[in-house]
Amino acid sequence: MKLALTVRYGYDEELIFAQQLGADAVVVRFDLGDPQDTALSPVAHRVQIAGLQLAGVELTGMPDTFQPWSDGLTGALVAAGSAGVDRLFCASPTRQSTDLAEDLEAVMATAAETGVNVCLDSSRLLAEELAWLPAGDVHVELAMGSAPLLAGADLPAQGADRIRAGGISGVRFDGNGQPLGIGPLDVPACIAALAAAGYDGLIRAGAAPLLGEDDDWNPKGAANDLGYLRAVLQSLPQRS
Amino acid sequence: MRIGLQTSESEENIAFVRSLGVTDVVCGMPADIDGVVPAQAFEQRRDHFAEHGLDWGVIENLSPTLYDEIMFGTPERERQLEGVCRTIENIGKAGIAVLQYQWMLLGGLRTEYSPTGRGGARYPKFDEAIASHMAAACLDWMGGGRHRYPHVPDRPLSSEEVWANLEWFLKAVVPVAESAGVRLAAHPDDAPVPEYLGVARILISIDNLQRVIDTVPSPNNGIGFCMGTIGTMADTDVIDAIRRIGGQGKVFFAHFRNPRGTVPAFEEVFPDEGDIDMVAAVSAWNDVSFDGVIRIDHCPGVVGDNPRADRSFAFQVGYLRGLVQSLERMGA
């Protein structure tokens, strides 16, 4: 598996931080609502020139109603395709309809045209939507620890089932405000189950917890979570 | 094992430790009064930590200025010994279980702190060839330059003399520690080179740490097992060393650190990239049923970090907890 750290676009310190702490790749958070995040085109170059791999761009600041969201995403897909970005992570909007196939038609078509993978956050999907995906190049990032994949005894099995079903382009471990390893989420068991199910893709931690006093991007929490995940990954061969 | 962090009494530092879910803390000694640290000083500090839900179970270290004359074997050692013994009794009164000390007459040695690590991280380094040109400048690593310890030696000291001084110390203080209920943990010499500025360094091998244990056999005489220092000893396998010393129940305290290289030249790197197989190391700690505190040791400098290096320490806490939980839960 490849371990990624989520960084904000334009903050070079966070790229250096990711490299120093041994992240295999970065997911760059790009805020569509931020006037400084104007174009996707430099993202891949900046990451590459900094000596890192780009695992994808996470779009934030997207509209919360479906049609503007879909329009924004298709536009971002076109931009990503020409910018050398091959995966977009995003959360789906709050929706009334569950007819996902019809709603996502335009997104799926654009993803196919551009060759860019869309990775929807499972924590924002209805259970039936999660069961229906993947659809073409629209995949899922499994948010382990957040609804509907809440921490519990069967979470590793749920994750493994989803891996076997296919279409998982990322797995995220959400500590929900606590450092990984402190809360109820059994990350080692989950990662072991994912590995046993054949998953070899991207993993990352969710929002970094605030540890004491910290800068606004919670680097102490990010460091803890990255170190934790690295250790769990390194211990995997010992278990086989 | 219990994951520990070194901390001061500051609210900010304590808040950081607590937020990481760490409850075992390691702290230095309060100030002495005429060579003795009063019991009340230990108790006040202990209570301060306890009010925040923290357990202060290890003192790191016995302040070298309380026993530097003993290490050097000067006529002043008798006076210092009395103070050390009274201080150990006071530690026992405060209920603090472990007192780590070291026997480095010239302190710890490093020659560089340079941005040559992963992504430009700053790695503390030691290179004997460079140290030979630095002379006394090497001695400032532990920040002791403002004090009388460590200082440029007055004369050479052989390993026989340094061993004799340590044996004199152990024979006097181990019985006191037994009575006080305090376990003494000897930290190895860092860097583990046989001499510096003409002064021998003796705790530079596993056999020599064993000699400390055997000099005064006692349940209160043991080792502060610094993985980083032992990992830089020549021809030493850290995993074997954990099993040898830990298997005797003689590790009272441990440091979690991963170096790259051994003497004469090494560097301190992130725990996931050093020479020690940390998965095997934690497995070995489990095998010997180590139930003491393992403290996250000093670590590389990370971009934007504060003077306490919280970012770097947080990474290492997460890393160690990840190893511990993986091995515990998956039965490896």
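We name chains A, B, ... by the order of the sequence lines, and we start the count at 1 in each one. Side-chain atoms are counted along with the backbone in the values below, which use heavy atoms only and exclude waters and symmetry mates.
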Report summary line: Taken to the nearest 0.5 Å, the spacing of B:Tyr319 OH from A:Arg230 CZ works out to 9.0 Å
Query raised in the report: Counting distance only, does the side-chain N/O of B:Gln325 pair as donor-acceptor with the main-chain N or O of A:Pro188 below 3.5 Å?
Result: no
Query raised in the report: For B:Asn306, is it the side chain, the backbone, both or neither that has a heavy atom under 4.5 Å from a heavy atom of chain A?
Result: side chain
Query raised in the report: Could you give the distance from CD1 (A:Ile182) to CG (B:Leu20), rounded to the nearest 0.5 Å?
Result: 7.5 Å
Query raised in the report: Does CZ belonging to B:Arg18 count more than 12 external heavy atoms closer than 6.0 Å?
Result: no
Report summary line: Answer key: most heavy-atom pairs under 4.5 Å with chain A among B:Gly120, B:Ser312, B:Gly117 is B:Gly120
Requested in this report: Determine the minimum heavy-atom distance between B:Phe16 and A:Leu211, stating which atoms define it.
Outcome: CD1-O, 4.0 Å
Report task. Check the pair A:Glu213, B:Asp310 against side-chain contact (heavy atoms from CB on, under 4.5 Å), reporting the backbone distance first and the verdict last. Result -> CA-CA 10 Å; A:Glu213 296 177 13; B:Asp310 285 351; over 6 Å; no
Requested in this report: Rounded to the nearest 0.5 Å, what's the gap from CD on A:Gln234 to OG on B:Ser326? Could you check?
Outcome: 10.0 Å
Report task. Taking salt bridge (charged side-chain N to carboxylate O under 4.0 Å, His left out) as the test, write out the residues that go with B:Glu9, two or more places apart. Result -> B:Arg45
Report summary line: Here the gap from B:Arg329 atom CZ to A:Ser235 atom OG, rounded to the nearest 0.5 Å, amounts to 11.5 Å
**Report entry** Counterpart residues, ring-ring contact (aromatic ring centres under 6.0 Å, His included), relative to A:Phe173 (two or more places apart)
**Finding:** none
Requested in this report: State the CG-CZ distance between A:Asn224 and B:Phe315, to the nearest 0.5 angstrom.
Outcome: 10.0 Å
Report summary line: Note: vs chain B, highest number of non-hydrogen pairs under 4.5 angstrom among A:Gly22, A:Pro209, A:Pro179 is A:Gly22
Query raised in the report: Under 6.0 Å from the NE2 atom of B:His48, do we count more than 12 heavy atoms belonging to anything else shown?
Result: yes
Report task. Would you indicate whether A:Gln48, at its atom CD, is surrounded by more than 12 heavy atoms from other residues, nucleotides or ligands within a distance under 6.0 Å? Result -> no
Report task. For the residue pair A:Asp215 and B:Arg311, establish whether any side-chain heavy-atom pair is separated by less than 4.5 Å. Result -> yes
Report summary line: CG of B:Asp305 to CZ of A:Phe17, rounded to nearest 0.5 Å, is 8.0 Å
Query - For the student: nearest non-hydrogen atoms of A:Leu180 and B:Arg321, plus distance - result: O-CD, 4.3 Å
Query raised in the report: Within the distance-only criterion (no hydrogens, no angle test), does the side chain of B:Arg118 pair as donor or acceptor with the backbone N or O of A:Gln20 below 3.5 angstrom?
Result: yes
